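In listed order, ligands and their atoms are each counted from 1. All residue numbers in this chain count up from 1 along the given sequence. Note that the coordinates shown come from a computational prediction; the quantities given were computed from them, not determined experimentally.
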Amino acid sequence: MGNNPDATTVIDRYAVMGYPVSHSRSPVIHRLFAVQTGENLQYELLEVAPDKLATAIRQFAKTGGKGLNITLPHKSEVTRLVDDMSERASNAGAVNTLVFRDGEIFGDNTDGVGFLRDLQSNLGLELEDANILILGAGGATRGIIAPLLDVKPKSLLIANRTMSRAKSLAEHFSTQGPVTACRFEDVRNPPVYDLVVNATSAGLKGEMPPYPEDAIGEDTVCYDLSYSMKATPFASWAAEHGAARSVMGWGMLVEQAAESFYLWRGVRPDTAQVLKQLSITA
Ligand code: ATR
C-alpha cells in the first residue's frame, strides 16, 4: 500500500468516457452533487478512442473504478460490453451509465428518465393525452420514445429528413403506443402540438433544417435536446415562431446525471440547486 496504509481512505472513482470529451459538463455536475450530498468521490474526464473503449473500461474497473458515464460516440457500442443491461437501456439501444458491481458490468440509460423529469417536475408539463412531435430519428430520438409513450400521450409523431429511419423507429415502438412517422415537409395540418422536441444533430453542425413552422401554436412548448450557453438555432427558431416556451436541454443534462449519481451512491441530489450553480460555473 506504500504511501497509503489505510485502505479505507481510498476515494471511489467515477469518470465520463467520450471522444472527444473535453466539452463535457459531467465532471462539474457530479462534483457539485458530491459536495452537496457529502459523498466522498472523485470524477474524471477520460478521452477514449472507439478502438480503445473495451480496454479502457476494463482497466478503469480493475483500478478501483466504481462507475462510468459513457457519452458520444460510444453509447451504442457499449451495449455490447456489458454483462447485464436495464430494460430502459435496451429500449434505447444505448447505455450512458455503467455500474461496476461484484466483478460485473451493469449498463443503464438515464437519459429518458432525465428528460421526463425535466419536462414533468421542472417545467410542470402534463403529457398525458398530449400531441408530441419529435424532429429527428437518430440515437437521441430512440432514447426518448419509450419514456414518452409511458406517459400515455394522444399521439407521438417522428418527423425526419430521411423517412426510412423515422419509419423503422415508429415500427419498432408501435406495440408500446400511438407512434407514427413522416418527413419534415409532411407535418401539415397538424393537431396543435403540445410539445415539439428537436432531437436532430443539425444545430451541433451549425445546420438549420426546414423545421415545420405549422407545428407551433401559441401553447406549444419547444424543447431542444441540445444545449449551449447561447440559444441553439432550434431554440431561436422556436421562439421566433411563437412557441409558448422554448427550452434547451440543460435540465435533462442535470437530471440524467442525478439519476446516474443515484444508481452509484443511493442518494438523490437536489438538481434545482445544481442547475442554478451550473449557469454560473459552466
Ligand atoms: P444522434 O445519435 O445524435 O441522434 P444520429 O443518429 O446521427 O445522431 O442522428 C442525427 C439525426 O439528426 C438524424 O435524424 C438526422 O437526419 P437523417 O436521418 O435524415 O440523417 C438529423 N440531422 C442531422 N443533420 C441534419 C440536417 N442538416 N437536416 C435535417 N436533419 C438532420
### Task
Would you please classify the geometry between the His30 ring and the Phe33 ring as parallel, tilted or perpendicular, with 30° and 60° separating the classes?
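Taking His30 first and then Phe33, their aromatic rings stand perpendicular (interplane angle over 60°).
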
### Message
So that I can tick it off, tell me whether Arg265 and Asp12 are bridged by a salt bridge, with the cut-off set at under 4.0 angstrom between side-chain N and carboxylate O.
### Response
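A salt bridge links Asp12 with Arg265.
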
Closest non-hydrogen protein atom to [atom], residue and atom name please, with distance?
atom	result
atom 21 (C) of ligand 1	Thr200 CB, 3.7 Å
atom 9 (O) of ligand 1	Gly138 CA, 3.4 Å
atom 13 (C) of ligand 1	Arg165 NH1, 3.6 Å
atom 2 (O) of ligand 1	Gly139 N, 3.2 Å
atom 16 (O) of ligand 1	Asn160 OD1, 3.3 Å
atom 20 (O) of ligand 1	Arg161 NH2, 2.9 Å
atom 12 (O) of ligand 1	Ser201 N, 3.0 Å
atom 27 (N) of ligand 1	Glu207 OE1, 2.6 Å

Any nitrogen or oxygen of [X], side chain or backbone, less than 3.5 Å from one on ligand 1?
X	value
Thr162	yes
Gly136	no
Ala140	yes
Ala137	yes

### Query
Mind checking whether Pro212 and Leu133 have side chains closer than 4.5 Å, heavy atoms only?
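Yes, side chains in contact.
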
### Query
Any side-chain heavy-atom pair from Val254 and Asn122 closer than 4.5 angstrom?
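They are not in side-chain contact.
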
#### Entry: Minimum heavy-atom distance Ala137-Asn160, with the two atoms named
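That would be N-OD1, 3.3 Å.
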
#### Entry: Heavy-atom pair of closest approach, residues Pro147 and Gly112
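For Pro147 and Gly112, the tightest heavy-atom pair comes out as CG-CA, 3.7 Å.
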
Using modelled atom types and a 3.5 Å cut-off, is there a donor and acceptor pairing between side-chain atoms of [X] and backbone atoms of [Y]?
X	Y	result
Arg268	Tyr262	no
Asp83	Ile105	yes
Thr271	Glu255	no

### Message
List ligand 1 atoms under 4.0 Å from Pro209, heavy atoms only on the residue side.
### Response
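Contacts of ligand 1 toward Pro209, numbered from 1: 26 (C), 28 (N), 29 (C).
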
### Message
Using a 4.0 Å cutoff against the non-hydrogen atoms of Phe184, which atoms of ligand 1 qualify?
### Response
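This gives 29 (C) as the contact atoms.
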
### Message
Contact between ligand 1 and Lys205 is defined here as a heavy atom of the residue under 4.0 Å from a ligand atom; is it met?
### Response
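Yes; Lys205 lies near enough to ligand 1 that a heavy-atom distance drops under 4.0 Å.
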
#### Entry: Candidates Phe100, Trp264, Phe60 - the one meeting ring pair (Phe, Tyr, Trp, His ring centres under 6.0 Å) with Tyr14
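Answer to the ring pair (Phe, Tyr, Trp, His ring centres under 6.0 Å) test with Tyr14 among Phe100, Trp264, Phe60: Trp264.
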
